[in-house]
Amino acid sequence: MRIAVVSDGDGGGWLRELGDGTPPAPVRRVGDLAAAVREAEHSGGQPPRWVWADTEDLYPDLVRAGVRVSRCHDASLTEALLLGYRARHTEPHSLGAAWARLHDLPVPDDPVRPLGEGTAAQPALFEADRSTLPPGTDRLDALVEVHADQRGRISGLPSPDRMALLVAVESAGALAAVEMSHDGLPWRPEVHDRVLTEILGPRPRSGQRPPVLADLAAQISEVVGHEVNPDSPAQVLRAMAWVGHPVASTRSWVLEGVDHPLVPLLLRYKELARLYSANGWAWLETWVRELPGGGTGDGPRLGRFRPDYVVGGVVSGRWATRGGGALQIPRSVRSAVRADPGWVLVRADAGQLEPRVLAAVSGDGALAAAAAEEDLYARLAAHVGDDRERAKIGLLAAMYGQTSGDAAPLLATMRRLYPHALEYVDAAARTGEGGGIVRSWLGRTSPAPGDWAATVAAADGDRRRRAHGRFTRNFVVQATAAEWALVLLAALRQELPETPEGGGIVFFVHDEVVLHVPADLAEEAVRAIDRAQTRTRRILFGDTPVRFPLAVSVTDCYADL
DNA sequence: GGAAAGCGCCAC
DNA sequence: AAACGTGGCGCTTTCC
């Protein structure tokens, strides 16, 4: 059963059951939307699929009210996928935009979502309507109409089941994203502060460098013979030339090739300055919130990092985040990620996901045989007759479109041993070089290049064509890997046991999920992960021999993993 | 004085 | 060993 729902901006809303082929049920007005949703969700039998305009608008308030739903149809994300399929990525995809296109009316721009509008913001129960529908339009009618149209467009596709699955898991991902932002990644502020102080020295007043950085900067200036700001690439470039070692850039790997006492100082400065500016005390204050009452008594101070996830924020279907740099938590501060007392972190990490995906989608028998193994690259090395590291470089080069350096001779070997796999990515690259679009396994579509005629005619047209070929070459693999991760996430939401508030999936990044569960639920969580991964492989690739092994570990601290 | 570009590093 | 895909983001410099 599907139930369309809109909120009234004041805690209540309207619901309407959607029958398959039968006339829709009458509209139901409810004063307490969260209570109505909770009731329908637990009324016995299979829970409904909630049809709504935008998960980011509706679901955070439900989650704050303590309500979780199992399934939804996010009309906005669905519209983006369907527009993308027709290579119309740049067109607005809100409910209002979809409705306007149905009625040949001017299409409104998508609303801009400023930072922190997710669950990170302070509770503001059922915020004002953010609809892009024209004033006076019945929002529930519009939603029902757009939803019916979307289902029709899906069923008209060459592979409707795949797009239906993609829509379902994209929507489930949106639910998971809101829940993860709400629960947050457990983060100990005092551990983070201790790490920073050990590496950088005590926290400085604002505007000053921490002691260790200040000392390094002074040493650098002393070696050069005059004041140098190591944060300025231009000044570092001049300083290197001044000491007799001109370099083309100040990138670390370039400097590493230079033998001069200035180099280790600069490299050390870069490393520490990065930590200070990207994940230093300012980051900690901005992004980690202590739980109310979490710091009482002798216990540790419990905090939460709550990034704002952007589902579908990357063309390939990977997620982006808004603020906090959640996709790049550096190893040096991961020791601050600790389970609460009595709880554990369960991490599941898909190893070698992209080559396995390539084996599955291309149907290459030899690569699939290697991908049936726990360590794909080791098996590859045996095939190729080379060491593991070089076999790995060869395959990655094939997927990324690298042609120079070490990879060139390896590629020829790869092409001979895994012809179908190589042809799969080569074909995608050829399409891209010709200005065409490619699709993932479930039908997510690469954006069409901008004015292609102008691109080709440009002075560097060849370079641009090849760059677009590398993009489409990688897209077919990366976008399908992202789908695998989305299906896993959706399956995991269903398989996981109920946990107390704050438990469940708390972090997700490309091919890795982190759960936070009471210690006595750890074993059950590990079993749930195992069931979810089995379902994921079967749902996506049927009876493929390819395995997608997940490294699962249970621990107190993310740095241990 | 703020926006945008350029650089560089972090993650997968 | 170093130019090969997707991103976020902070700092400096340049532009208006």
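Each chain gets a letter, A, B and so on, in the order its sequence line appears, and its residues count up from 1.
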Give a yes/no on whether any side-chain N or O of A:Asn229 is located under 4.0 angstrom from OP1 or OP2 of C:dT12.
yes
Going by ring-ring contact (aromatic ring centres under 6.0 Å, His included), name the pairs with one or both residues in residues 261-281 of chain A, residues two or more places apart or in two chains.
none
Would you say A:Lys270's side chain and A:Pro230's backbone share a donor-acceptor pair under 3.5 angstrom?
no
Min side-chain heavy-atom separation A:Ile505-A:Leu489 under 4.5 Å:
yes
Looking across every strand, which nucleic acid part, if any, lies under 4.0 Å from A:Val477 by heavy atom: base, sugar-phosphate, or nothing?
nothing
Residue-phosphate contact under 4.0 Å: A:Lys270 side-chain N/O, B:dC9 OP1/OP2:
yes
Provide, to the nearest angstrom, the distance between the CG atom belonging to A:Leu272 and the C1' atom belonging to B:dC9.
13 Å
Stepwise, does the side chain to side chain donor-acceptor pair (under 3.5 Å) test hold for A:Asp183 with A:His516?
CA-CA 9 Å; A:Asp183 294 330; A:His516 186 219; over 6 Å; no
Once salt bridge (charged side-chain N to carboxylate O under 4.0 Å, His left out) is applied, what residue pairs with a partner in residues 216-244 of chain A remain, sequence neighbours excluded?
A:Arg209-A:Asp231
If you find the nucleotide of DNA chain C closest to A:Gln328 and the one closest to A:Asn474, which residue's nucleotide is nearer the 5' end?
A:Asn474
Quick one: A:Leu275 CG to C:dC9 P, roughly how many Å, whole number?
17 Å
For the aromatic rings, using the six-membered ring if either is Trp, is the centroid distance between A:Phe507 and A:Trp187 under 6.0 Å?
no
Tell whether A:Arg251 reaches the base of B:dC7 with its side chain through a donor-acceptor pair below 3.5 angstrom.
no
Could you tell me how far apart A:Leu395 (CG) and C:dC4 (C1') are, to the nearest whole angstrom?
13 Å
Does A:Ser221 use its side chain to pair, donor to acceptor, with the backbone of A:Val228 at less than 3.5 Å?
yes
Please classify the nucleic acid contact of A:Leu396 as base, sugar-phosphate, or nothing, using heavy-atom distances under 4.0 Å.
nothing
Measure CD1/A:Ile329 against C1'/B:dC10 and give the value in whole Å, please.
11 Å
Among all residues two or more places apart in sequence or in another chain, which pass the ring-ring contact (aromatic ring centres under 6.0 Å, His included) test with A:His260?
A:His245
Taking only heavy atoms on the protein side, list every residue of residues 230-250 of chain A lying under 4.0 Å from any atom of DNA chain B, sorted numerically.
A:Pro233, A:Ser249, A:Thr250
C:dA2 P sits how many Å from A:Glu389 CD, rounded?
15 Å
Pairs flagged by ring-ring contact (aromatic ring centres under 6.0 Å, His included) wherever residues 424-447 of chain A is involved - sequence neighbours left out
A:Trp441-A:Phe541
Determine, step by step, whether A:Glu373 and A:Arg547 satisfy the salt bridge (charged side-chain N to carboxylate O under 4.0 Å, His left out) criterion, reporting the C-alpha distance in whole Å, the side-chain angles of both residues, the deciding distance to 0.1 Å, and the verdict.
CA-CA 7 Å; A:Glu373 304 288 323; A:Arg547 291 292 175 273; over 6 Å; no
Starting from C1' on B:dC12, measure out to OH on A:Tyr309 and report it in whole angstrom.
14 Å
Provide the full list of salt bridge (charged side-chain N to carboxylate O under 4.0 Å, His left out) pairs with a residue in residues 469-487 of chain A, sequence neighbours left out, each pair given once.
A:Asp426-A:Arg473
By the 4.0 Å heavy-atom rule, please label A:Ser277 as base, sugar-phosphate, or nothing.
sugar-phosphate
Run A:Asp349 and A:Arg347 through salt bridge (charged side-chain N to carboxylate O under 4.0 Å, His left out) and show every step you take.
CA-CA 6 Å; A:Asp349 186 348; A:Arg347 178 191 182 203; 3.0 Å; yes
Can you check nucleotides 14-16 of chain C for protein contacts, nitrogen or oxygen pairs under 3.5 Å, and list what you find?
none

Any N/O pairs under 3.5 Å between the protein and nucleotides 3-5 of chain B? List them or say none.
none

Under the ring-ring contact (aromatic ring centres under 6.0 Å, His included) rule, what pairs show up with a residue in residues 307-338 of chain A, not counting sequence neighbours?
A:Tyr309-A:Trp319, A:Trp319-A:Phe508
Here the distance between atom C1' of B:dC9 and atom CD of A:Glu256, to the nearest Å, is 12 Å
DNA chain C contacts made by residues 463-473 of chain A, counting heavy atoms under 4.0 Å:
A:Arg470, A:Phe471
The complete set of salt bridge (charged side-chain N to carboxylate O under 4.0 Å, His left out) pairs with one or both residues in residues 165-176 of chain A, sequence neighbours excluded, reads A:Glu170-A:Arg444
If you look only at pairs with a residue in residues 197-226 of chain A, which of them pass as a ring-ring contact (aromatic ring centres under 6.0 Å, His included), with sequence neighbours excluded?
A:His226-A:Trp242
Is any side-chain N or O of A:Arg274 closer than 4.0 Å to OP1 or OP2 of B:dC10?
no
I need the CG-C1' distance between A:Leu327 and B:dC9, as an integer number of Å.
15 Å
